[in-house]
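Notes follow the structure.
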Amino acid sequence: MLGLMQSQPLLISSLIDFAERHHGEAEIVSRRVEGDIHRYTWKDVARRSRQVANALDGTGLLFSDRVATLAWNGYRHLELYFGVSGSGRVLHTINPRLHPDQIAWIANHAEDQVLCFDTTFLPLVQAVHARCPGIKLYVAMCEADKLPQDSGVPNLVSYEAWIGAQPTGYEWPVFDENSASSICYTSGTTGNPKAALYSHRSTTLHAYAAALPDVMCLSARDAILPVVPMFHVNAWGIPYSAAMVGSKLVFPGPAMDGKSIYELLESEKVTYAAGVPTVWQMLLGHMKPNNLRFSTLKRTVIGGSACPPAMITAFNDEYGVEVLHAWGMTEMSPLGTLCTLKNKHLDLPAAEKMKIRLKQGRAIYGVDMKIVAEDGGELPWDGTASGDLYVKGPWVVREYFKGEGGDPLVNGWFPTGDVATINAEGYMQITDRSKDVIKSGGEWISSIDVENIAVAHPAVAMAACVGMKHPKWDERPIVAVVRKPGSEVSREELLKFYEGKTAKWQIPDDVVFVDAIPIGATGKMLKTRLREMLKDYKLPGT
């Protein structure tokens, strides 16, 4: 017997309709490429998203055709999120930090037909357009009088001219909720990127889950600053969740430095912010020497890579901002876990709470996870056993676009490539990437633990731990370190700093000082490139 409830597909268009009807007056604030501040409301987003849909119809794009973006976080990008997917096309957010060769490959692989770009990225478009024959329209996201002249880019129009002449009325089509809504490519450091193809259903369910109190805890009372780029796994789904709950949104545009972010946080009374550790490192680096404080910021979610303990301590203890440690990946839309305390933890001493906060957190409803040994057997949730992390759920990838890489699942589970522990209360902690974990004398050493201790030293700005071949122990850890400007620390001082903080055999064998650690397109350290930099390095005594 079937239930007797109405059947309504979960479509992205329903999110913008809801935001317009119930939260139409809530503000969307954007720092534009031009440097000025733009303001309007969810009602305006909905109106202009319908104009985007009409413009796409006029271009002759068919259902499921791909529309690409090369754009910062801003109001026009937001309109494309809803106008493209709502009309049945597929939004393809391209990471502009990738190499032009990769961008051209990705655009062709996705079969993009329209590319909308912020004028900042005109040089990128000029570098790739000749290699992207499938793109028939280029849209510069600017006013008509700001359209780049003599750019050499064919079929170039301004965004405002493109949508400005379109009617504001549009009947959003109704279709299967499993239809594709957007596509994001992984930032793989080896080989070509692979694409996760999200559906309307998976995106809407993810938006519900992200807004839950034990996840991001979003509401109409929040002003949200997503520093995480809209080209990085759809800004962790925040634009969809914000429409669902009617939050105010504040977009930073291209100004991602600590001073600019701080000014937006304060001037727009932001209560909630989201980004990767490197962004918050710049923010704290601006605040401390200038003796600045937050007046409204209450929570920040930090993900993309492990958050150093010193950063959690700074936000929590010095500035009164709760840090929500998160974990996920492109293949998971991206949220998998988020670290919030349970009721039983609230009265624990600060040091015990910190041990919990350093973990990546508990699974969100909709995500199941397990840790697996080398022999494929499932490991216990005891907080000690460490194994490969597997996940499954309604917003976890089943296969990659066009079948790249074959079937990624193992008995219905997706292998994340992370090594983790899970304790009896369900708190998961990433101990390493499977390719980065260091095996020394038959024992595993977590590169993340080694890095966290180094970054806790007051003279260290950044640290990356890698394993080096050793004739006796197989591998031994070394740590590459970038000193803070104006600070000094010697190899001997830093190695001594490890004493008492970890087992003696887990202390790195050496410290290598470098000017910079290579960072990838999503703000993560590129250890493959670091290893290339250190290819001639020899461990002491070998």
Side-chain angles (χ1 to χ4, degrees), residues 33 52 55-56 59-74 76-81 83-85 87-142 147-148 151-159 162 179-199 229-235 254 330-331 334 397 399-405 520-522:
V33 169
V52 168
L56 291 170
T59 307
L61 261 64
L62 303 177
F63 187 81
S64 289
D65 280 346
R66 267 73 76 197
V67 177
T69 65
L70 278 168
W72 300 108
N73 292 13
R76 292 184 179 118
H77 207 173
L78 186 67
E79 294 159 9
L80 290 165
Y81 263 54
V84 173
S85 299
S87 66
R89 283 84 181 196
V90 179
L91 180 73
H92 175 202
T93 54
I94 300 177
N95 189 335
R97 295 170 182 159
L98 295 173
H99 189 276
D101 290 346
Q102 281 187 303
I103 290 174
W105 187 92
I106 285 171
N108 289 324
H109 188 267
E111 300 176 41
D112 295 330
Q113 294 193 40
V114 176
L115 173 58
C116 304
F117 65 94
D118 272 327
T119 52
T120 311
F121 303 120
L122 176 62
L124 263 182
V125 175
Q126 291 170 321
V128 303
H129 74 82
R131 289 180 278 171
C132 301
I135 298 178
K136 56 189 180 185
L137 179 67
Y138 290 88
V139 182
M141 294 164 70
C142 62
L147 187 68
S151 65
V153 178
N155 303 316
L156 178 65
V157 299
S158 85
Y159 182 87
W162 184 52
S179 300
S181 62
S182 62
I183 186 169
C184 287
Y185 280 74
T186 63
S187 57
T189 54
T190 57
N192 288 318
K194 296 189 288 291
L197 186 61
Y198 310 130
S199 69
M230 293 172 77
F231 54 75
H232 186 192
V233 207
N234 294 342
T330 304
E331 290 88 343
V397 73
E399 61 180 283
Y400 291 105
F401 182 52
K402 295 186 174 179
E404 296 290 341
T522 57

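In this text the structure is predicted, and so the values were computed from the model without any measurement.
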To the nearest 0.5 Å, how far apart are CG in D65 and CZ in R89?
7.5 Å
Heavy-atom distance under 4.5 Å between the side chains of T59 and Q113, does that happen here?
no
If the test is side chain to side chain donor-acceptor pair (under 3.5 Å), which one of E404, K402, H92, K194 qualifies with H109?
E404
Distance (rounded to the nearest 0.5 Å) between I135 CD1 and L115 CG:
5.0 Å
Given V233, V90, V397, the one that forms side chain to side chain contact (heavy atoms under 4.5 Å, CB included) with Y198:
V233
Measure the CH2-CG distance between W162 and L156 for me, rounded to the nearest 0.5 Å.
12.5 Å
Looking only at side chains, do Q102 and Y185 share a donor and an acceptor under 3.5 Å apart?
no
Are the side chains of L91 and S181 in touch, meaning some heavy atoms are under 4.5 Å apart?
no
If you round to the nearest 0.5 Å, how far is OG1 of T119 from CG of L147?
10.0 Å
Look up atom CG in L98 and atom CG in L124, then write down how far apart they are to the nearest 0.5 Å.
9.0 Å
Stepwise side chain to side chain contact (heavy atoms under 4.5 Å, CB included) check, T69 with F231:
CA-CA 8 Å; T69 65; F231 54 75; 5.7 Å; no
For the SG atom of C132 and the OH atom of Y138, what is their distance to the nearest 0.5 Å?
5.0 Å
Heavy-atom side-chain proximity of E331 to T186 below 4.5 angstrom
yes
Can you list everything that forms a salt bridge (charged side-chain N to carboxylate O under 4.0 Å, His left out) with R76? Sequence neighbours excluded, please.
E143, E160
For a 4.5 angstrom cut-off between non-hydrogen side-chain atoms, does N234 reach C184?
yes
Side chains of F121 and I94 in contact at under 4.5 Å (non-hydrogen atoms):
no
